[in-house]
2 protein chains.
Amino acid sequence: MEDWDRRLRAHGYRITPQRQLVLSAVYTLRHGTPDEVLAEVQRHASGVNLSTIYRAIEVLEEVGLVTHSHIGHGAPTYHAIDSHTHIHLACDGCGTVESISADIMEPLVRSLRADKGYEVDVSHVAFHGRCRKCVETGNSGKH
Amino acid sequence: MEDWDRRLRAHGYRITPQRQLVLSAVYTLRHGTPDEVLAEVQRHASGVNLSTIYRAIEVLEEVGLVTHSHIGHGAPTYHAIDSHTHIHLACDGCGTVESISADIMEPLVRSLRADKGYEVDVSHVAFHGRCRKCVETGNSGKH
DNA sequence: GTATATGCAAAGGGTTTGCACGGTT
DNA sequence: AACCGTGCAAACCCTTTGCATATAC
């Protein structure tokens, strides 16, 4: 998160307090929905509006400082792009989300590239399923 | 799609024309959002309501006749559960979606099971990224 | 006949947009 | 000074819900 301002400028965007606040909120929360980002930002600057969060996230994502993935079936969660790309294991039984290294994706990414010419966006990957605990207790997460 | 009615009954649900229409619409469209399912159903029965589509899909999913996955960043798409489990490769550049056999997931599923005790819901898997064409033409899909 | 399912309309959550004002360059 | 970015409110899309009626069992 050193050259964040340079990245924005390089794409023709301006440096604003709101954009910096959103970026550091995304860093602080390791995973955050727009709502959660808003709450985190408002701890430091209460006047910031939700629509600003959305617009800031959009810009930060475009310049490559932030990504999102779809954990849970609802709102996307955003996270900072750092050296350690990770993927998410969401449990449909208890709702917990585990982050693991994206290394496990390597063979699959390679074979999709070779077979299909398809480039997987690894940072976007989220698996659904059931965690060990829910598998053992038979918790299906169904109503 | 032979024992669909038995499956419903086994779970205490009734057999209704709407549920049959929704199920066959999901079969016809190989991937369909609720809206698309509604349109397909209404080709045969114009009076059916959107809320009925949602409720029917929910029931069909619970009894194991239908699954969904999150292709695109918007509405989920539903597809019938058949013998050939497949996964989706969505292209963020041109928006196309390719279905491929889920066999490619086998090694990864096995290693998550062994390492983490985590059971991936394979039918739910959708990767985002870029198809061959968009990789070659540099189409990033960004506005 | 009784409980479930449907249609309709209204409410709800999340996200986007138009506009006037304020801040960055 | 010019333009981009923000706050606010309204609009929008997708999905869910309450209720009276219709239907499957």
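Only this structure's heavy atoms are used, side chains among them; waters, hydrogens and symmetry mates stay out. Here is the naming used below: chain letters follow the sequence lines, and residue numbers restart at 1 for every chain.
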Side-chain atoms of A:Thr16 come closest, of C:dT6, C:dT16, D:dT6, to D:dT6

A:Ile15 atom CD1 is separated from C:dG22 atom P, nearest whole Å, by 23 Å

Between A:Ser51 and B:Tyr13, the residue closer to the 5' end of DNA chain D by nearest nucleotide is A:Ser51

May I ask you to decide if the ring planes of B:His88 and B:His79 are parallel, tilted or perpendicular, using 30° and 60° as cut-offs? perpendicular

Ranking B:Gly47 and B:Arg14 by the position along DNA chain C of their nearest nucleotide, the one closer to 5' is B:Arg14

Rounded to whole Å, the CD-C1' distance (B:Gln42 to C:dT6) equals 14 Å

Whole-Å distance, A:Asn49 CG to C:dA20 P, equals 18 Å

B:Glu58 atom CD is separated from C:dT6 atom P, nearest whole Å, by 12 Å

A:Leu38 CG to C:dT15 P, in whole Å, measures 12 Å

### Message
If we count only N and O atoms by modelled type, under 3.5 Å, do the side chains of A:Asp103 and A:Ser101 hold a donor and an acceptor together?
### Response
yes

Would you say A:Gln18 places a side-chain N or O within less than 4.0 Å of OP1 or OP2 belonging to C:dG23? no

Ranking D:dA24, D:dT6, D:dT15 by distance to the side chain of B:Pro17, first place goes to D:dA24

Contact class for B:Arg19 (heavy atom, under 4.0 Å): base, sugar-phosphate, or nothing? sugar-phosphate

A:Asp35 CG to C:dG13 C1', in whole Å, measures 9 Å

Across the strands shown, which category fits B:Leu50 at heavy-atom distances under 4.0 angstrom: base, sugar-phosphate, nothing? base

Against the side chain of A:Arg55, the closest entry in C:dT15, C:dT24, C:dC19 is C:dC19

Report task. Tell me yes or no: between the side chains of A:His70 and A:Thr77, is some donor less than 3.5 Å from an acceptor? Result -> no

Between CZ of A:Arg9 and C1' of D:dC4 the distance, given in whole Å, is 14 Å

Taken to the nearest whole Å, CD1/A:Ile57 to P/D:dT6 is 12 Å

Under 4.5 Å between side-chain heavy atoms, hopping through other hydrophobics if needed: is there a path connecting A:Ile71 to A:Ile104?
no

Closer than 4.0 Å, any side-chain N/O of B:Thr52 to the OP1 or OP2 of C:dG7? yes

Q.
Within the 3.5 Å criterion, strictly below it, is a donor on B:Asp92 or B:His128 matched to an acceptor on the partner's side chain?
A. yes

